[in-house]
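For reference, positions follow the sequence shown, starting with 1.
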Amino acid sequence: MAKIGRNQPCPCGSGLKYKKCCLKDKPITTTAAPKQKISVTEEIKHLQELAVNRKESIKLIGVFIFVSTANGDGWLFELSEKDAVLVAKDGVTIDVDIEESDETIEINWSHQFVVSKGKVITTAYADQQEETHDNLPAAAIKDALLQMEKTFSSDLLNSIHLSDDKKE
């Protein structure tokens, strides 16, 4: 039996296109591809490989943005709370304190960041040292921040973070 195209005349003889006649009465079934589980730990490892090889890259996944630079730096930015962690410096990987399960991701963030005047500025939590990064793609990070604000409601963003009294 030949397959009937949506825009071909309907075989019932109505003179209408198949999509406007008998096809509309048939339920459309689709088989959804299984969702691929994303591992932040694996994405960090990939980011570190890119940084070691000094390849520029930027990848946005949800509220995370993974950035590697040509000078071998790698950063993971969390857009909703503007946290950051350096995962590679000058082509050398840095261990990241991360615990990931099916339900939660806990990262020991080392910095907070802002994008100001076309530059990314980080402030280290440990000593409050501020550093301006000329090599980071400030415009792309700012665009990602704006996209995140449009995509996720503030209630949703607040719900993804555990308050200090809920952390164990």
Using only atom types and a distance under 3.5 Å, with no angle test, would you say the side chain of [X] pairs donor to acceptor with the backbone of [Y]?
| X | Y | result |
| --- | --- | --- |
| N108 | D97 | no |
| S68 | K55 | yes |
| E100 | V40 | yes |
| Q112 | A124 | no |
| R54 | D73 | no |
| Q128 | E130 | no |
| N53 | E49 | yes |

Using side-chain heavy atoms (C-beta onward) and a distance below 4.5 Å, is [X] in contact with [Y]?
| X | Y | result |
| --- | --- | --- |
| K59 | I65 | no |
| D134 | K119 | yes |
| K82 | F77 | no |
| F66 | I58 | no |
| I94 | K89 | yes |
| P137 | V67 | yes |
| H111 | V85 | no |
| F64 | L76 | yes |

For atom CG of D95, is the number of surrounding heavy atoms from other residues, nucleotides or ligands below 6.0 Å larger than 12?
->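 Incorrect, the count does not exceed 12.
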Specify the closest pair of heavy atoms between A138 and G118, including all atoms of both residues, with the distance to one decimal.
-> CB-O, 3.3 Å
Distance-minimising heavy-atom pair for F113 and E78 =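 Here F113 and E78 meet closest at CE2-O, 3.6 Å.
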Is it the case that one hydrophobic cluster holds both [X] and [Y], taking links as side-chain heavy atoms less than 4.5 Å apart, direct or via other members?
| X | Y | result |
| --- | --- | --- |
| V115 | L60 | yes |
| V96 | W109 | yes |
| L136 | L50 | no |
| V63 | L146 | no |

Trace of the side chain to side chain contact (heavy atoms under 4.5 Å, CB included) decision for T69 with W75 | CA-CA 9 Å; T69 65; W75 285 91; 5.7 Å; no
Spacing of S39 atom OG and H46 atom NE2 [to the nearest 0.5 Å] = 12.5 Å
Drop me the distance from T41's OG1 to I105's CD1, to the nearest 0.5 angstrom.
->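 Answer rounded to 0.5 Å: 7.5 Å.
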Should I121 and H133 be marked as a side chain to side chain contact (heavy atoms under 4.5 Å, CB included) after you check the CA-CA gap, both sets of side-chain angles, and the distance that decides it?
-> CA-CA 6 Å; I121 303 165; H133 303 272; over 6 Å; no
Is there a side chain to side chain contact (heavy atoms under 4.5 Å, CB included) between V87 and T93 once you walk through the steps?
-> CA-CA 6 Å; V87 302; T93 63; over 6 Å; no
